[in-house]
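Following: one structure in structure tokens, then a few remarks.
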Number of protein chains: 2
Amino acid sequence: MPKAKEEDFLPLRDSVYNKLRQSILTGELPAGERLMEVHLGDKLGVSRTPIREAIRMLELEGLVTMIPRKGAMVAQITEKNMSDVLEVRRALDILCVQLACERITPEGISDLKKARDAFEKAVETNDSRVIAQADVEFHNVIISATGNDRLISLEDSLSLPMYRYRYEYIKDSSGHDNLVKEHRRIVNAIEKRNAEIAAEAAGEHIDNQRRSIIRQIRMEREEETMNALYGKRK
Amino acid sequence: MPKAKEEDFLPLRDSVYNKLRQSILTGELPAGERLMEVHLGDKLGVSRTPIREAIRMLELEGLVTMIPRKGAMVAQITEKNMSDVLEVRRALDILCVQLACERITPEGISDLKKARDAFEKAVETNDSRVIAQADVEFHNVIISATGNDRLISLEDSLSLPMYRYRYEYIKDSSGHDNLVKEHRRIVNAIEKRNAEIAAEAAGEHIDNQRRSIIRQIRMEREEETMNALYGKRK
DNA sequence: TACATTGTGATTGTATACATAATACCACTG
DNA sequence: CAGTGGTATTATGTATACAATCACAATGTA
């Protein structure tokens, strides 16, 4: 993924950006956490300048919220927020499979089948992390097949906010049978270049994700309310 | 639009960001132009720090290209590039009208009709800038009606790269009759909450834009080739 | 006790200083 | 004359310094 060939030099801002992004997505930096420049700088061993630039980037991606002269904090994930993202992703995921139907190469189809098989194998391990990884790679094959760079980067940034919910979503899917079935359906449709069926399958696929994620958020909220009412632990 | 109520303080980086963005979109800073920090700082009367942060933001929006240790330049607009953006925008514009069909309020419908009438009035002036402005406002009404914040900001950033071509596109449209007709069709469909027709109309609307913009880019390229062959003027 | 006020510490905004890499220019050599 | 090497200049990367503002607490007063 990185353009290491010509230049393996990575500015600190990018390194910081990646680290912060990772920390936010894994929940190590929880929503609402303040991002203080000197503090982060100490922790990462760099000055404020790269930290600030990284924060600017995260801000535009929607992962952190800024209030001028107050500071930055990890963005709150609200149901509305996530719902908005999923709505957009639904449209773009459908666009992805439609374009893939038109443009996928024979090699792409072969990759896609490999990714599908790898996913089914991953499911058998019953390990959520392994399955999630295989799922990401499956989708990446489709996304790359569109050949649309803008779409690729948008899909990337729109899938970020839901990484936190991915494991649970995968556990949710009763026996993972649904996931396997949906993937197969998508692969078949793309192979036959049937955009209509592919779109339908992709739509259902993300609708299922949506349901699971929204349910999780509601449960989190409920838990928070409980804590607020009956006292929260440190 | 600005949240001026609580805080009318605008960090320099945002002010710089707006200025640079404007300069790029109007073509004052042509594609390929190098963005040198000290130079821009002198011109705008600020230090490098706000300039750098503004550049980071523009970079994520795709308006400038960065090469580490080399510098930033105004992003080249290629046909592929623009084509990618338009492909995504097509899907999102359609999503916009579909959501608007579901969610628009009576006030929204009233605003929409006002915007449509204002547009038709603008067309009569025959002034491209006036028409373009009315066109933007018409679309903004629809986009706002979706209530999807993420979609709103995406539409915003995806329409940026084509601002340069907007005037020509409007001149292109034979007598503007098409534009008026398309707008009317969209308004009628949204009012009747007929998502299918609305989607179709929105799709055609952007397909027309696409044709005009692609044609313009090809003409520009041709001109450049000529200049390269027969010598370019200063 | 309630509330206003002021002062102090902490944090961001902005500017500048220093280090390092890239580029351009020029002289020198073959 | 072409090509190479070295140096000077320029621009970016990073760190630090200074200024402005905000949060909060301590203090004093009604």
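Chain naming here is simple, since letters A, B, ... match the order of the sequence lines and numbering starts at 1 in each. Both backbone and side-chain heavy atoms feed into the values below; hydrogens, waters and symmetry mates do not.
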Practice problem: Examine distances only and state if a side-chain atom of B:N18 and a backbone atom of B:D14 form a donor-acceptor pair shorter than 3.5 Å. | Solution: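 At least one qualifying donor-acceptor pair exists.
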Exercise. Verify the neighbour count for atom CD of B:E102: are there more than 12 heavy atoms of other residues, nucleotides or ligands below 6.0 Å?
Key: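 Buried by this count: over 12 neighbours within 6.0 Å.
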Quiz item: Across the strands shown, which category fits B:I55 at heavy-atom distances under 4.0 angstrom: base, sugar-phosphate, nothing?
Solution: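 No contact at all - B:I55 keeps every heavy atom at 4.0 Å or more from the nucleic acid.
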Quiz item: What nucleic acid atoms does B:L40 come within less than 4.0 Å of, heavy atoms only: base, sugar-phosphate, or nothing?
Solution: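 Nothing: the residue B:L40, judged by heavy atoms under 4.0 Å, touches no strand.
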Exercise. For the residue pair B:R52 and A:R52, establish whether any side-chain heavy-atom pair is separated by less than 4.5 Å.
Key: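 Not touching, per the 4.5 Å side-chain cut-off.
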Quiz item: Side chains of B:M73 and B:V64: closer than 4.5 Å at any heavy-atom pair?
Solution: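 Contact flag for B:M73/B:V64 side chains = no.
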Grab the [atom1]-[atom2] distance between [X] and [N] for me, whole Å please.
X	N	atom1	atom2	result
B:Y17	C:dG13	OH	P	17 Å
A:D42	D:dA15	CG	C1'	13 Å
A:R34	C:dT11	CZ	P	7 Å
A:E53	C:dT12	CD	P	16 Å
B:I51	D:dT14	CD1	P	18 Å
B:L35	D:dA11	CG	C1'	13 Å
A:L12	D:dG13	CG	P	10 Å
A:M73	C:dT11	CE	C1'	14 Å

Phosphate OP1/OP2 of [N]: any [X] side-chain N/O under 4.0 Å:
X	N	value
B:K70	C:dT23	yes
A:R52	C:dT12	no
B:R48	C:dT16	no
B:T49	C:dT14	no

Self-check item: Nucleotide nearest A:S47 when distance is taken to its side chain, options D:dT14, C:dT16, D:dG13
Solution: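 Closest nucleotide among those given: D:dT14.
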Quiz prompt | Nearest listed nucleotide, side chain of A:R69, among D:dT21, C:dA15, D:dT14 | solution =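 Selected nucleotide: D:dT21.
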Exercise. Hey, which sits more toward the 5' end of DNA chain D by its nearest nucleotide, B:V38 or A:P11?
Key: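 Counting from the 5' end, the first nearest nucleotide belongs to B:V38.
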Self-check item: Earlier contact from the 5' end, DNA chain C, for B:V46 and A:E37
Solution: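 Upstream on the strand: A:E37.
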Quiz item: Can you tell which of A:N148, A:I143, A:L151, A:T146 makes a side chain to side chain contact (heavy atoms under 4.5 Å, CB included) with A:L92?
Solution: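 Result for side chain to side chain contact (heavy atoms under 4.5 Å, CB included) with A:L92: A:L151.
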